[in-house]
2 protein chains.
Amino acid sequence: MTRLRADNPQGARQALAERFRAWSGSEFDLSRCPVRGVLDRLGDKWTTLIVIALSQRPHRFSEVCRAVPDISKRMLTQTLRDLERDGLIARRVFPTKPPTVEYRLTELGESLLEPLVTLIAWAEGSQTRIAAARSAFDAASAAA
Amino acid sequence: MTRLRADNPQGARQALAERFRAWSGSEFDLSRCPVRGVLDRLGDKWTTLIVIALSQRPHRFSEVCRAVPDISKRMLTQTLRDLERDGLIARRVFPTKPPTVEYRLTELGESLLEPLVTLIAWAEGSQTRIAAARSAFDAASAAA
DNA sequence: CAGAATCCAATAGGATACTG
DNA sequence: CAGTATCCTATTGGATTCTG
């Protein structure tokens with residue numbers, strides 16, 4: 001099995017082709033697609049912002065809460081737990097009073113930063129064209 | 001403003017730092033964060049699978065429907081429209097009878113393949129460790 | 001074939017109040 | 001401080017039916 005490589009523009013399509021054929025084989029099971037799980041997590045409302053915050057340095061619970069605008073404690077707790085469960089962040093409790101809890105990226109979590117930056121770079125570089133496409137599409141829809 | 005670069009492992013954190021500071025500036029508005037919109041779209045249930053399917057060649061509506069397992073026509077229509085609105089795919093109608101509609105990636109859509117492959121490569125490379133982390137976490141939770 | 005329209009169930013997620 | 005618990009609403013998305 002060829003290792004996926006993204007350092008070659010032309011290779012992207014073919015890398016995907018191979019992956020796609022593997023996934024599309026008989027008895028395709030979505031739950032066995034590793035990308036699915038990752039993208040589902042990254043796509044949720046808060047994961048990315050939390051990972052970015054923690055990429056700078058470890059944060060305490062309330063620090064993350066302040067760093068990520070508008071997140072509720074409920075969702076923060078839940079997202080942190082999911083990330084911890086996936087091994088992307090580590091939770092450390094200091095037996096102080098009142099309690100101190102620190103969250104930091106694990107090595108695995110750090111390894112996500114690179115693909116994340118790649119995606120962010122694409123998003124930033126494409127946002128103008130996306131916005132233009134939206135305007136054009138909406139204008140065409142309205143005209144119809 | 002520094003251009004984001006992901007070709008340097010150590011640079012990822014600093015690239016994020018700069019981006020994060022920019023976003024966290026006064027009057028941070030989530031809707032103005034370009035990554036948010038992109039990740040929201042990529043994170044939804046079907047976008048990635050559709051983009052991957054179309055990366056191989058143009059597809060007709062029903063071809064996509066067969067290529068992407070278990071998607072309903074409703075969600076297929078909706079996701080295709082969203083992608084078209086964002087300028088990632090192009091929709092072309094042939095006035096045959098019955099109608100033929102072809103979807104293909106635009107140049108902008110093709111440019112997404114590379115960051116996508118980067119992410120997929122990470123997901124595939126990390127899935128074992130993620131699964132292990134989950135097992136460990138769940139075992140620890142059950143023990144408590 | 002390529003959808004649009006409608007209905008309905010499940011989930012996500014915010015607000016608030018409480019706890020060790 | 002660092003959560004947990006409860007309630008409640010909005011969005012997601014599947015199933016089904018209808019149409020040009």
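Residue numbers begin at 1 in each chain, while the letters A, B, ... track the order of the sequences. All of these numbers come straight from a predicted model, not from anything done at the bench. Atoms considered below: every heavy atom in the structure, side chains included; atoms not considered: hydrogens, waters and symmetry mates.
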Common cluster, A:L88/B:F137, ILVMFWY with side-chain heavy-atom separation under 4.5 Å: no
A:L119 side chain near B:L42 side chain, heavy-atom distance below 4.5 Å: yes
N/O (side chain, B:R60) to phosphate O (OP1/OP2, C:dA2) under 4.0 Å: yes
Sugar-phosphate, base or nothing in reach of A:T100, heavy atoms under 4.0 Å: sugar-phosphate
Interatomic distance, A:D40 CG vs C:dA12 C1' [rounded to whole Å]: 13 Å
Any residue meeting side chain to side chain contact (heavy atoms under 4.5 Å, CB included) with B:A17, in chain and number order, not counting sequence neighbours: A:Q56, B:R21
Cluster overlap A:F94 with A:L54, hydrophobic side-chain contacts below 4.5 Å: no
Any B:R66 side-chain nitrogen or oxygen under 4.0 Å from OP1 or OP2 of C:dA2: no
Heavy-atom protein contacts under 4.0 Å, nucleotides 4-20 of chain D, coded B base, S sugar-phosphate only, - none: B-B------BBB----B
Six-ring centre of A:W46, A:R41 cation under 6.0 angstrom, axis tolerance 45°: no
For the student: nearest non-hydrogen atoms of A:V51 and A:L105, plus distance: O-CD1, 4.2 Å
Sugar-phosphate only, base, or nothing, as touched by A:Y103 at under 4.0 Å among non-hydrogen atoms: sugar-phosphate
